[in-house]
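In what follows, a structure is listed as structure tokens, so that the remarks can point back to it.
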Amino acid sequence: MITLEDAKAHLRVQHSAEDALITALIDSAYRHAETRTGRVFDTQTRTLVLDGFGSTAGAIELPWTPVQSIESVDYVDPAGDTQTLNTPPLRLDTRQLYPLLMPQWDTDWPATIDEPESVTITATVGMNETPADVRAGLLLLIGHLYENRESVVIGTISSELPMGVSMLLDPYKIMRVG
């Protein structure tokens, strides 16, 4: 994760008057990289809410990559009571591009109430360490956003982002079809 101190050193900023702005730019750069690539680069907790487990033994494709661990799986049982599954018996298959969460071998997902939002999965996602090239791209983007608070027009050429940012993030991009 790029810290405020890292970003300030890159920007050559020595005062604290714009710390809130620089922190927001760090967050914005990470969100941009995540949207552009389909990957999560900083460790964080995410929640997925489902309308049930689907088929009784089926896998649930998690919408984040990478997934470090499953923190909790809560569901509303047919009686309307909230239950928590013990996560260690669950299987997390991280070999896929988007990890799969499944019940343990020879078991099924429990029954849920037939209502929307009856299952909540909480996971720790992201990379333990931001890759060096992604980190460089994020710092370039933070610098660009700090110096150019609007879109940039040079002569007749409009530039939203420095070309280096795209070049550094593109190797991590997940190609989406459909």
Count the heavy atoms of every other residue, nucleotide or ligand shown that sit under 6.0 Å from CD of Glu18, and state whether that count exceeds 12.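 Correct, the count exceeds 12.
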Check the surroundings of atom CD in Glu117: do more than 12 heavy atoms from other residues, nucleotides or ligands lie under 6.0 Å from it? no
Would you say that [X] contacts [Y] through its side chain, given a criterion of any heavy-atom pair below 4.5 Å between the two side chains?
{"X": "Arg91", "Y": "Trp105", "result": "yes"}
{"X": "Thr120", "Y": "Tyr75", "result": "no"}
{"X": "Gln44", "Y": "Thr124", "result": "no"}

Please round to the nearest 0.5 Å and tell me the distance separating atom [atom1] of [X] and atom [atom2] of [Y].
{"X": "Asn128", "Y": "Phe41", "atom1": "CG", "atom2": "CZ", "value": "13.5 Å"}
{"X": "Leu145", "Y": "His32", "atom1": "CG", "atom2": "NE2", "value": "8.5 Å"}
{"X": "Thr130", "Y": "Asp42", "atom1": "OG1", "atom2": "CG", "value": "6.5 Å"}
{"X": "Ile70", "Y": "Leu92", "atom1": "CD1", "atom2": "CG", "value": "5.0 Å"}
{"X": "Leu138", "Y": "Ser28", "atom1": "CG", "atom2": "OG", "value": "11.0 Å"}
{"X": "Ile60", "Y": "Ile121", "atom1": "CD1", "atom2": "CD1", "value": "4.0 Å"}

So, are Glu34 and Arg31 salt-bridged, with charged N and O less than 4.0 Å apart?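 Salt bridge flag = yes for Arg31 with Glu34.
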For [X] and [Y], which heavy atoms make the closest approach, and how far apart are they?
{"X": "Leu97", "Y": "Pro99", "value": "O-CD, 3.7 Å"}
{"X": "Thr122", "Y": "Thr45", "value": "CG2-CG2, 3.4 Å"}
{"X": "Leu168", "Y": "Leu140", "value": "CD1-CD1, 3.8 Å"}
{"X": "Ala29", "Y": "Leu141", "value": "CA-CD2, 3.7 Å"}

Set out, in order, the CA-CA distance, both residues' side-chain angles and the distance that settles side-chain hydrogen bond (donor to acceptor under 3.5 Å, both in side chains) for Gln14 and Arg12, then state yes or no. CA-CA 6 Å; Gln14 296 179 354; Arg12 297 187 176 114; over 6 Å; no
Taking salt bridge (charged side-chain N to carboxylate O under 4.0 Å, His left out) as the cut-off, I'd like each qualifying pair that reaches into residues 60-87, sequence neighbours left out, listed once.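 Pairs touching residues 60-87 that pass the test: none.
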